[in-house]
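Just the heavy atoms: all of them, side chains too, but no hydrogens, waters or symmetry mates, feed the values below. Numbered from 1 within each chain, the chains take letters A, B, ... in sequence-line order.
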Number of protein chains: 2
Amino acid sequence: MRRKSLEKDACPVARSLEAVGDAWSVLIVREAFAGKRRFGEFERSLRVAKNILAVRLRKLVARGVLEQVPASDGSVHQEYMLTEKGRGLYLVLMAIRQWGEGCGGKTESVLIDRRDRKPVKPLAFHAHDGRELGPGGMELVPASDA
Amino acid sequence: MRRKSLEKDACPVARSLEAVGDAWSVLIVREAFAGKRRFGEFERSLRVAKNILAVRLRKLVARGVLEQVPASDGSVHQEYMLTEKGRGLYLVLMAIRQWGEGCGGKTESVLIDRRDRKPVKPLAFHAHDGRELGPGGMELVPASDA
DNA sequence: CCGTATCCATTCCGATACTG
DNA sequence: CAGTATCGGAATGGATACGG
């Protein structure tokens, strides 16, 4: 998408897409959640060219999704860590994953609770009183109407 | 992303991205949830060129996200409706929206329950016993280990 | 109104070579 | 190892013109 930058779009969905709306960025964030921190780790696991990896990382840092911190080993290099904001993407990633799993025939992965090793409840919307809600049961209204 | 099609990637996140991993597709789906059905409606609301809209719609239909149905008015034309699978993207869209709202300073929109007009609970993960879980409390394991 | 076809500009991607 | 610089090719996007 070239024309509209989306950056100033009123819709929060559009704005989010401006930050992480390309496939590489999403995959980088996925790897970050998987524990990857170093340039080379991302490079190898994603098999992405150095130059475009560099650009994507810069953008993610600029957007506040990742931050650079001094390497934990003694090296002169930096590591890329998820910020608080970046960690907020976990829900997005898992929503995407859940959708992908849901319609793919066979299940590839299961999200489990670290504590009891049991599967986590599927992501779903709940009303204030706890009722589960489907897409038709909700409505998006401007904040001003609230 | 040219090289790896992602289509055959083991990770469900990557596969999902193959289906709806570009910004236009996401926005089209957003509009579909907003009630848009016709080619011209998408064209105007997104201000996207006809040709690329056509390509995107075709792809979304091919991926089973949208389906074409005869127009509800008497016209000869078709309308694009979300399939069951497509409606599953609601959760994804709202997760993206929630993330965008969460870090933007001011809130643009609120998701409310149609029934009681009260805000819906924020999306979050819950363990089997109901405890709320953060990213660190969960782990993604291959289905074969389950 | 709903697309398809064409053209052109731009952008993106991957490979490679290079630096500290 | 962690990038930067450059380059050619491929894909994409936007505008426009055209057809059913």
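Every pair passing salt bridge (charged side-chain N to carboxylate O under 4.0 Å, His left out) that includes a residue from residues 135-144 of chain B is listed here, sequence neighbours excluded: R114(A)-E139(B), R117(A)-E139(B). Listed by first and then second residue, the ring pair (Phe, Tyr, Trp, His ring centres under 6.0 Å) pairs involving residues 43-95 of chain B are F33(B)-Y90(B) (not counting sequence neighbours).
Around the CZ atom of R115(B), the shell of radius 6.0 Å holds no more than 12 heavy atoms that belong to other residues, nucleotides or ligands.
In this structure, D22(A) atom CG and dA11(D) atom P are separated by 18 Å, rounded to whole Å. Put simply, CG on L46(B) is 14 Å from C1' on dG13(D), counting in whole angstrom units. Residue K59(A) contributes atom NZ, which lies 13 Å from atom P of dT11(C) at whole-angstrom precision. Going from atom CD1 of I52(B) over to atom P of dA9(C) covers 19 Å, rounded to whole Å. In this structure, W24(B) atom CH2 and dA11(D) atom C1' are separated by 17 Å, rounded to whole Å. Atom CZ in R47(B) sits about 15 Å away from atom C1' in dG13(D), given to the nearest Å.
Take Q78(B) and apply the side-chain hydrogen bond (donor to acceptor under 3.5 Å, both in side chains) test, not counting sequence neighbours, and it matches no residue. For Q98(B), there are no side-chain hydrogen bond (donor to acceptor under 3.5 Å, both in side chains) partners at least two apart in sequence or on another chain. Partners of E31(B) by side-chain hydrogen bond (donor to acceptor under 3.5 Å, both in side chains), not counting sequence neighbours, listed by chain and number: K36(B), S45(B). Remark: E84(B) engages R87(B) in a side-chain hydrogen bond (donor to acceptor under 3.5 Å, both in side chains) (not counting sequence neighbours).
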Donor-acceptor contacts under 3.5 Å from residues 53-62 of chain A side chains, at least two apart:
{"from": "R56(A)", "atom 1": "NE", "to": "D22(A)", "atom 2": "OD2", "distance (Å)": "2.5"}
{"from": "R56(A)", "atom 1": "NH2", "to": "D22(A)", "atom 2": "OD2", "distance (Å)": "3.2"}
{"from": "K59(A)", "atom 1": "NZ", "to": "E18(A)", "atom 2": "O", "distance (Å)": "3.3"}

Dump every N/O contact between nucleotides 2-6 of chain D and the protein below 3.5 Å, one line per pair.
{"from": "dA2(D)", "atom 1": "OP1", "to": "R38(A)", "atom 2": "NE", "distance (Å)": "2.3"}
{"from": "dA2(D)", "atom 1": "OP1", "to": "R38(A)", "atom 2": "NH2", "distance (Å)": "2.9"}
{"from": "dA2(D)", "atom 1": "OP2", "to": "G40(A)", "atom 2": "N", "distance (Å)": "2.9"}
{"from": "dA2(D)", "atom 1": "O4'", "to": "H77(A)", "atom 2": "ND1", "distance (Å)": "3.4"}
{"from": "dG3(D)", "atom 1": "OP2", "to": "Y80(A)", "atom 2": "OH", "distance (Å)": "3.1"}
{"from": "dG3(D)", "atom 1": "N7", "to": "K50(A)", "atom 2": "NZ", "distance (Å)": "3.4"}
{"from": "dT4(D)", "atom 1": "OP1", "to": "R58(A)", "atom 2": "NH1", "distance (Å)": "3.2"}
{"from": "dT4(D)", "atom 1": "OP2", "to": "R58(A)", "atom 2": "NH1", "distance (Å)": "3.1"}
{"from": "dT6(D)", "atom 1": "O4", "to": "N51(A)", "atom 2": "ND2", "distance (Å)": "3.0"}

If a pair means Watson-Crick or G-U wobble with both distances below 3.5 Å, what does DNA chain D look like in dot-bracket form, with | marking bases paired to a different strand?
||||||||||||||||||.|

